[in-house]
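One structure is given below, encoded as structure tokens.
Throughout, numbering of the chain's residues begins at 1 and tracks the sequence. Source: prediction; values computed, not measured. Just so you know, ligand 1 is whichever comes first in the structure, and atom 1 is the first atom listed for that ligand.
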Amino acid sequence: MKSHKLLMIPGPIEFDPAVLAAMSVPTSSHTDVAFIHTFGEALEKMRTVFQSPNGQPFIVAGSGTFAMDVAAANLVEAGDAVLLLNIGYFSERFGEILERYGAKVTQIKSPIGARPDLQQVEEELKKGNYKALFFSHVDTSSGVLNDVPSLARLAQQYGALCVVDGVCSVAAEELRMDEWGVDVALTGSQKALGVPPGLALWMVSQRALEVRRQRKTPLANYYGDWLKWLPVMQAHEARQFDYFATPAINLIRSLNVSLSQITEEGMENRYARHRAMSHAFKAAMTALELDQIPVSEEVAAHTLTAVRYPQGIQASDFLPRVAQEGVIISGGLLPPIKHEYFRVGHMGNITFGDLIGTVSAIEKAFSALGYPFSAGSGVAAAQRAYQERTTA
Ligand SMILES: *Cc1c(COP(=O)(O)O)cnc(C)c1O
């Protein structure tokens, strides 16, 4: 085992040593030429990661919630009708944020483990005259994956902006912003981007920027105003200095290292690797005869797995046992079933060995707690499933 416990939660994740090392270099001035280049490079690479050559990237100190907050603040004016697809905890959060800015929010709430029915979304969009459609790509509380291309197409068809909370998806799940017509995709550094917590990142289409510019009412937010940051992002991408508020210099250095690793791996390879890891982990849970929260493999995310406990196993016994084996995993998050399931994150630069070590720690904890299963069956199933995917 490593000197630290393996962090297999849906963010923060395990960080690459080179990414961590980049943070510990003495902080330069934000006007330093080398830093301006680093910032500019990171913005450029964001276009590759979000697959949005025509969008406008932003990198600002904050967490994922901050990126959600400013997306709502910039796009919503009091009284605007917006449609929110609610698949779990972070969708609820987006609803609260939208209401804070005075939006008239209509929700389509899916049963636990399910994603919205496209026909129902279309019927609602048809009658509602909505300014924007908001949804999570992956809801981290349920492990459910939304069908982004179909939803973005519907939003476009009915003249609504498409805003995607990609905090648990960007840089791991397939996302083709420009091709699919997504107007805003946002994330935080500590999830699949693989950088310590502290940065909010978002990409905005020209159409959404124009909606911000055309606001009729003033924006009741200063630090999060897209138009305050826009000249700073444009300047740095052109390798020039501009200032609005001090950037998180060390984190941006670290981000640039991680984005280099991601773009060197290539987005297609990265999606495929996350699918393979997810397939292997889910196969292990199935071999242990455990059910998952998502109602089918098709609607399940590839960045995490949400697994129901077997009868008689308590979260308060299980999670510390797994930690004793050197692996940190998460409990449940959806209020009605919070104590009935656990979550394992498998995103970023984890190795297959990390994944197998996690399955093994879970098996050991179950066996210590008296859950009957054939020892090693989860590990064997993960091996088989991973080989199927990687040698095909
Ligand atoms: C983690 C997460 C958030 C919140 O991000 P913070 O960085 O904790 O503010 C929002 N949405 C989703 C889908 C997430 O996974």
Side-chain angles (χ1 to χ4, degrees), residues 7-15 50 58-73 84-98 100 107 109-110 112-113 115-116 133-148 151 162-175 177 182 184-203 221 223-224 248 251-252 254-255 258 274 278 293-294 299-306 328-335 338 341-348:
L7 190 56
M8 297 293 283
I9 67 174
I13 64 168
E14 283 287 312
F15 302 127
F50 286 70
F58 292 82
I59 303 169
V60 178
S63 81
T65 304
F66 174 66
M68 296 165 81
D69 192 20
V70 300
L84 171 70
L85 309 180
N86 186 335
I87 56 170
Y89 183 89
F90 289 106
S91 317
E92 293 278 341
R93 173 169 294 185
F94 231 152
E96 276 183 46
I97 294 170
L98 287 162
R100 186 66 68 97
Q107 296 204 15
K109 190 165 179 164
S110 303
I112 287 175
R115 69 186 182 189
L133 174 68
F134 287 77
F135 58 89
S136 310
H137 192 169
V138 167
D139 192 285
T140 322
S141 65
S142 59
V144 169
L145 174 75
N146 254 322
D147 177 354
V148 181
L151 293 170
C162 176
V163 182
V164 178
D165 168 1
V167 181
C168 200
S169 70
V170 168
E173 299 283 1
E174 185 175 354
L175 173 66
M177 266 191 85
V182 173
V184 180
L186 57 91
T187 190
S189 52
Q190 77 278 17
K191 303 218 180 164
L193 280 173
V195 178
L199 292 177
L201 299 94
W202 62 91
M203 185 70 81
N221 188 313
Y223 181 72
L251 277 168
I252 289 172
S254 174
L255 171 71
S258 192
H274 280 83
S278 171
I293 302 297
V299 308
H302 306 101
T303 47
L304 80 155
T305 302
I328 305 296
I329 61 173
S330 287
L333 188 58
L334 281 170
K338 195 170 164 37
Y341 71 109
F342 63 93
R343 295 172 301 145
V344 174
H346 30 71
M347 53 188 134

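- The T65 neighbourhood of ligand 1 comprises atoms 4 (C), 5 (O), 6 (P), 9 (O), with distances under 4.0 Å to a heavy atom of that residue.
- In terms of protein heavy-atom proximity, atom 11 (N) of ligand 1 is closest to D165 OD2, 2.7 Å.
- Every atom of ligand 1 with a heavy atom of V138 under 4.0 Å away is listed here by number and element: 13 (C).
- For atom 10 (C) of ligand 1, the closest non-hydrogen atom on the protein side is F90 CD2, 3.2 Å.
- Counting heavy atoms under 4.0 Å from ligand 1, residue S63 touches it through both backbone and side chain.
- Distance from atom 8 (O) of ligand 1 to its nearest protein heavy atom, with residue and atom name: Q190 NE2, 3.9 Å.
- Nearest protein neighbour of atom 15 (O) of ligand 1, counting heavy atoms only, is T140 OG1, 2.3 Å.
- Not a single heavy atom of D139 sits less than 4.0 Å from an atom of ligand 1.
- Residues L199 and L193 are not in side-chain contact: their nearest non-hydrogen atoms beyond the backbone lie 4.5 Å or more apart.
- Of the protein's non-hydrogen atoms, the one nearest atom 2 (C) of ligand 1 is K191 NZ, 2.6 Å.
- The shortest distance between side-chain heavy atoms of H274 and M347 falls below 4.5 Å.
- Considering only residues two or more places apart in sequence or on other chains, D69 meets the side-chain hydrogen bond (donor to acceptor under 3.5 Å, both in side chains) condition with Y101.
- A donor-acceptor distance shorter than 3.5 angstrom exists from the side chain of Y341 to the backbone of L333, with no hydrogens or angles considered.
- Considering all non-hydrogen atoms of both residues, F135 and V148 come closest at CE1-CG2, 4.0 Å.
- Between the side chain of R115 and the main chain of L145, a donor-acceptor pair closer than 3.5 Å is present.
- Annotation for ligand 1: atoms under 4.0 Å from non-hydrogen atoms of M68 are 10 (C).
- Nearest heavy atom pair, residue C168 against residue T140, reads CB-OG1, 3.2 Å.
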